[in-house]
Protein chains: 2
Amino acid sequence: MSETLDTGLLTEAPRRPRGRPRKSPDDRDEGNRRQLLIHAAAALFRNKGFAATSTRDIAAAVGMQSGSPFYHFKSKGALLHEVMAQGMRSALRQQALALQALRQSHDAAQAVGDEYSGGAAPSPAEALRALIRAHFDILLCPGSDFVPVMLYEWRSLTPRQRETVVALQREYEAPWLPVLQDLHRQGRLHANVHLARLLILGALNWSVQWFNAEQGGSLDELSDVALRLFIHPEAA
Amino acid sequence: MSETLDTGLLTEAPRRPRGRPRKSPDDRDEGNRRQLLIHAAAALFRNKGFAATSTRDIAAAVGMQSGSPFYHFKSKGALLHEVMAQGMRSALRQQALALQALRQSHDAAQAVGDEYSGGAAPSPAEALRALIRAHFDILLCPGSDFVPVMLYEWRSLTPRQRETVVALQREYEAPWLPVLQDLHRQGRLHANVHLARLLILGALNWSVQWFNAEQGGSLDELSDVALRLFIHPEAA
DNA sequence: CCTACCGATCGGTAGG
DNA sequence: CCTACCGATCGGTAGG
């Protein structure tokens, strides 16, 4: 992801250009500056809340002047929406990768004749663990501000913006249901699966409020604890 | 707390008092007006967030002029803090009543020789159910805005205000731990009790985001589902 | 992307 | 508790 960021101060400029030093015209860092704004906004929205963060705060965080964010975004709300949409798209990618890795590890085990698990597909419990682990990653890794902003600031979206975010959310929550249904059939989950999904995701989402990356233990251990809390031991 | 607040309009003004019609002077609603502000603020803070709610919004909600809330509260933040403190004190009362009712129902059962439960004290599972049920009451009953405001707006408190709220929170969370420890000993909870408490309270707290009082089913049913999700069946 | 600016709104106050 | 008001800040824009 490291793009070429040539400041190009030497390529032209016969004399000294007016104003502070400029980058060369072929330095197209438009997307870069825009992304910087998005990241700064995500961090500020998460720490202070959307309404309590001024567009001046965001501009200052990336060394811009107060009016400049509006060159990249037509409004403060559009910036918020972009944070959420990017956060959810990234979360969907992470979730898909986690499920894919789970399947592949089982395919590999099967390919070498390792069939102790009895079936080709990962067990429902393993699948739930993978979903939980990916979810903690998305919420709690240092710098993971985008999805927490979505979780806690969606009230500030316009109804139209909310629609697109809700659609992404539904897509993200979809894989949880069949896994919980499997666990229910196995007798390892004694609760309505729809309510169970709401309660489980709530338990995980709330970790944003109390988890401390420096002293909170590993996300692996946390995922194990959560899994053991929600599903019952295998029937003997 | 109802102090004598004589507006004195009648002691002087011999004709018709200026301004809109006044209530009679013996209508001492000082505490009442103050409580009205607190309730209106709680509802607005919950629905729009603290930073997005103006003191003018709050004043208008109770029919006051824009500067009048500052007759009752020295700042917007003091009003927020009062919402949270009242919410937590009320929650503590509700929780204590629920636990007391649980114990009394067992005492009564014992008094008439109904000893099917084998012991005098309520079972840990029953105690957890009572805690969960009371918690849902505190969060989800129509008009229960105070504690949700505390859960979602504590960032807006000053450090000093936060201390008093955190102390109330700790008091509220205290009774959960011994109950979870009992369940752990019984083998009905397979997780670190401290983490279990965080995860369980998170699952419940998050219900504020999705529960719909009109169509969401009863809080009794919801409590049963949550209980079955978190604790394992009794050992055979 | 900066400069310079605008109208609106905000929390809060004095004085009655 | 209202009236009248203040300074500060805010989101956003024109023009370069």
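Computed from a prediction, not measured in an experiment: that's the story for all the values here.
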inquiry  = I want to verify a distance call: between C:dC1, C:dG12, D:dC1, whose nearest atom is closest to the B:S75 side chain?
reply    = C:dG12
task = May I ask you to verify if any side-chain N or O of B:Q65 is less than 4.0 angstrom from the OP1 or OP2 atom of D:dC1?
result = no
message = In whole Å, I'd like the distance from the CE atom of B:M64 to the P atom of C:dG12.
response = 16 Å
ask   = Looking only at side-chain N and O atoms, does A:S54 come under 4.0 Å of OP1 or OP2 in D:dT9?
value = no
key: Watson-Crick or G-U counterpart of D:dC2, or none if no pair lies under 3.5 Å   = C:dG15
request  = Send over the distance from B:R56 CZ to C:dT13 P, rounded to a whole Å.
outcome  = 13 Å
query = For the pair made of CG in A:L37 and P in C:dC2, what is the distance, rounded to whole Å?
reply = 10 Å
ask   = Can you tell me how far P of C:dG12 sits from OH of B:Y71, to the nearest Å?
value = 18 Å
task = May I have the distance from A:F70 (atom CZ) to C:dC1 (atom P), rounded to whole angstrom?
result = 14 Å
message = Rounded to whole Å, how long is the line connecting atom CG of B:D57 with atom P of C:dC10?
response = 7 Å
message = Judged by each residue's nearest nucleotide on DNA chain D, which is more toward the 5′ side, A:S68 or A:A52?
response = A:A52
query = Between A:Q181 and A:L189, is any pair of side-chain heavy atoms under 4.5 Å apart?
reply = no
note = To the nearest angstrom, the NZ-C1' distance between B:K76 and C:dG11 comes to 8 Å
message = Without decimals, in angstroms, what is the distance between B:N32 CG and D:dC1 P?
response = 9 Å
query = Hey, is A:R89 close enough to A:E82 for a salt bridge, meaning N to O under 4.0 Å?
reply = yes
ask   = Is a salt bridge present between B:R162 and B:E153, judged by a nitrogen-to-oxygen distance below 4.0 Å?
value = no
inquiry  = So that I can tick it off, tell me whether B:E221 and B:R129 are bridged by a salt bridge, with the cut-off set at under 4.0 angstrom between side-chain N and carboxylate O.
reply    = no
